[in-house]
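For clarity, every value in this text was computed on a predicted model and none was experimentally measured. Lettering of chains follows the sequences in order, A, B, ..., and the numbering in each one begins at 1.
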Amino acid sequence: MALTAVKGFNDILPDETGRWQYIEQTARRVFELNGFGEIRVPVMEKTELFCRSIGDATDIVEKEMYTFVDKGGTSVTLRPEGTAGVMRAFIEHKMYAQDPIAKLYYLGPMFRYERPQKGRYRQFHQIGAEITGVNDPLADAQVLNMLTSFFREIGLTEPTLQINSLGCPECRPAYRAALRSFLEERMEHLCEDCKRRFDTNPLRTLDCKSQGCIEATVGAPSVLEHLCSGCDDHFSSVRRYLDISSTPYSINSRMVRGLDYYTRTTFEMVTGLLGSQSAVAAGGRYDGLISQLGGPAIPGIGFAMGLERVALLLGSQDFASSPDLFIATMGAGERDVAFRLMDGLLKTGVRVEMDYEGKSLKSQMRRADKLKACYSVVIGENEVTSGRASFKRMEDGLQSDVALTVDEIQLLVRKSEK
RNA sequence: GUGGCUGUGGUGAAGCGGUUAACACGUGCGACUGUGACUCGCAUAUGCGAGGGUUCGAUACCCUCCAGCCACCCCA
């Protein structure tokens, strides 16, 4: 093999792009219905942005970023996630000055230097949405409802919504302390990673998959019981709104986040169908992020979903479209007539294919069949002189006599589309 | 970063030390005398991931590397 793509960077071939477009279009439709507007931000940012938003001590920043120094000596990084860049743009363009409430969505590639695996690649794609400027739990509920309806619209019932609250800078330290003293007594049962996390991020132990940790954390204190009254009220309001809109969800008090900026409400759309890559979409509230990045004290909430994972869940349905008509020709003179006809039809929006290379009629018909053309027509000397031809409906071979004019063919095609 | 498995054509694969690398699909062309899908015929691997080694001889055995997959980890 002479030259191949970079490890973990994949080509998406034409037979798959139909599915991708379907996902993207559905997301755009649902998000725009909910009042979100698209924002396009660069795939590369200054490294510092991610250190300050995602968190210096997270795995993403510590070991998964594509970081390098550009020719001007600036340390830059290929975005490992979307929220940081979107918030940077929000602050940089002082979007809050016009209206602190912004509802934005984005889509595009993200980059993380991880070992590739099913549903996990070094270049992967996310669609995400963010609401800034709203403290009220109504925003949380809208985001969750939107996510839920996206999956419903796209025809997937499988991923289910799990929610949790991580508290805020007021109440989280107390919970952290409570959890630590709980874990301290069971230290010897914890896995190596969790022993290490004990100091940096003890909450992660709740999410650990090692058998020892799962057993050791049975009966561990729950975040939800340690929320301050503000966070507790917020969380119950979120739940009330979800109940009002009959949005199904379950509470998972052990759900934690890998990014440091999350506060209060966090959530995931979880599936059992993708092995260990169970999160199809995830997000939460990030009330401190914007000010942390040098903007005003404006709250935010949002999520991102992994396109590869949604595509995997959708399976290999066929989203390809096929031509309305295939024109076969008998000789060189007829090709001029055919070409003029094709051109006229294309201009009216009828999808037409014709032979490119003067192949045998047999080959042309085979191609018409392979392309799954709805109709085919053979243009030879007779047809050119009479101006009429028989159109064959490929599905059942039924032929009908039609004039070789754009109008009449268009009519025929349109009729059969109904 | 750690572990396991795999590596033969466009695809799925057989071959498991020795003549022309099976079979199927796909693709191309053709037959059925201007009409596809069925049937039939013909064609379709710069030689078996790369590099070394063992051997009279390796696609097959050994080593190294590379790649892919899956899991851990992490996460969307």
Between [M] and [N] - [atom1] atom distance, rounded Å:
N	M	atom1	result
rA43(B)	rG4(B)	C1'	42 Å
rU55(B)	rA14(B)	P	31 Å
rC16(B)	rA67(B)	C1'	23 Å
rG1(B)	rC62(B)	C1'	29 Å
rG7(B)	rA13(B)	P	10 Å
rA45(B)	rC23(B)	P	13 Å
rC73(B)	rU2(B)	C1'	8 Å
rU35(B)	rG26(B)	P	23 Å

**Prompt:** Quick one: the side chain of Arg366(A) and the base of rG30(B), do they pair up donor-acceptor inside 3.5 Å?
**Reply:** yes
**Message:** When you measure only distances, ignoring hydrogens and angles, does the side chain of Lys362(A) come within 3.5 Å of the base of rG36(B) through a donor and an acceptor?
**Reply:** no
**Message:** Less than 4.0 angstrom from a charged side-chain N to a carboxylate O is my criterion; do Asp343(A) and Lys347(A) meet it?
**Reply:** yes
**Asked** Got a salt bridge between Glu81(A) and Arg79(A), using NZ or NE/NH1/NH2 to carboxylate O under 4.0 Å?
**Response** no
With a 4.0 Å cut-off on heavy atoms, is [X] in touch with a base, just the backbone sugar-phosphate, or nothing at all?
X	answer
Val280(A)	sugar-phosphate
Glu64(A)	sugar-phosphate
Ala279(A)	sugar-phosphate
Ala368(A)	nothing
Ser360(A)	sugar-phosphate
Gly397(A)	base

**Complete:** The residue, Arg393(A) or Lys63(A), whose nearest nucleotide of RNA chain B is more 5′ is Arg393(A)
**Request:** Would you verify whether the NZ or CZ of Arg122(A) falls within 45 degrees of the ring axis of Tyr113(A) while also being under 6.0 Å from that six-membered ring's centre?
**Result:** yes
**Prompt:** For Tyr249(A), is the NZ or CZ atom of Arg239(A) found under 6.0 angstrom from the centre of its six-membered ring and inside 45 degrees of the ring axis?
**Reply:** no
Taking atom types as modelled and ignoring hydrogens, do the side chains of [X] and [Y] form a donor-acceptor contact shorter than 3.5 angstrom?
X	Y	result
Thr217(A)	Arg254(A)	yes
His125(A)	Glu308(A)	yes
Glu130(A)	Thr83(A)	yes
Tyr105(A)	Glu32(A)	yes
Asp140(A)	Thr265(A)	yes

Please report, rounded to the nearest Å, how far the [atom2] atom of [N] is from the [atom1] atom of [X].
X	N	atom1	atom2	value
Glu81(A)	rA76(B)	CD	C1'	10 Å
Glu383(A)	rU35(B)	CD	C1'	11 Å
Glu114(A)	rA76(B)	CD	C1'	10 Å
Leu13(A)	rU11(B)	CG	C1'	13 Å
Leu361(A)	rG36(B)	CG	C1'	9 Å
Leu203(A)	rC75(B)	CG	P	12 Å
Asp59(A)	rU2(B)	CG	P	15 Å
Met365(A)	rU35(B)	CE	P	9 Å

**Nearest-nucleotide pick for Val378(A), side chain only, options being rG30(B), rU35(B), rA37(B)** = rU35(B)
**Message:** Given rG28(B), rU35(B), rG1(B), identify the nucleotide with an atom nearest to the side chain of Arg120(A).
**Reply:** rG1(B)
Would you say a side-chain N or O of [X] is under 4.0 Å from OP1 or OP2 of [N]?
X	N	value
Arg204(A)	rC75(B)	yes
Ser376(A)	rG36(B)	no
Lys359(A)	rC29(B)	yes

**Prompt:** Under a cut-off of 3.5 Å for both distances of each Watson-Crick or G-U pair, what dot-bracket string does RNA chain B give, using [ ] for crossing pairs and | for inter-strand pairs?
**Reply:** ((((((((.[[[..)..(....]]]((((((.......))))))....[[[[[..)....]]]]])))))))....
**Prompt:** Considering residues, nucleotides and ligands other than Glu381(A), do more than 12 of their heavy atoms fall under 6.0 Å from its CD?
**Reply:** no
N/O contacts under 3.5 Å, protein versus nucleotides 68-70 of chain B?
residue: rG68(B); atom: OP2; partner: Lys7(A); partner atom: NZ; Å: 2.9
residue: rC70(B); atom: OP2; partner: Lys118(A); partner atom: N; Å: 2.7

**Request:** Mind checking the OG-CE spacing from Ser165(A) to Met255(A)? Nearest 0.5 Å is all I need.
**Result:** 9.5 Å
**Request:** Determine, stepwise, if the pair Arg285(A) / Thr266(A) fulfils side chain to side chain donor-acceptor pair (under 3.5 Å).
**Result:** CA-CA 6 Å; Arg285(A) 195 164 257 286; Thr266(A) 57; over 6 Å; no
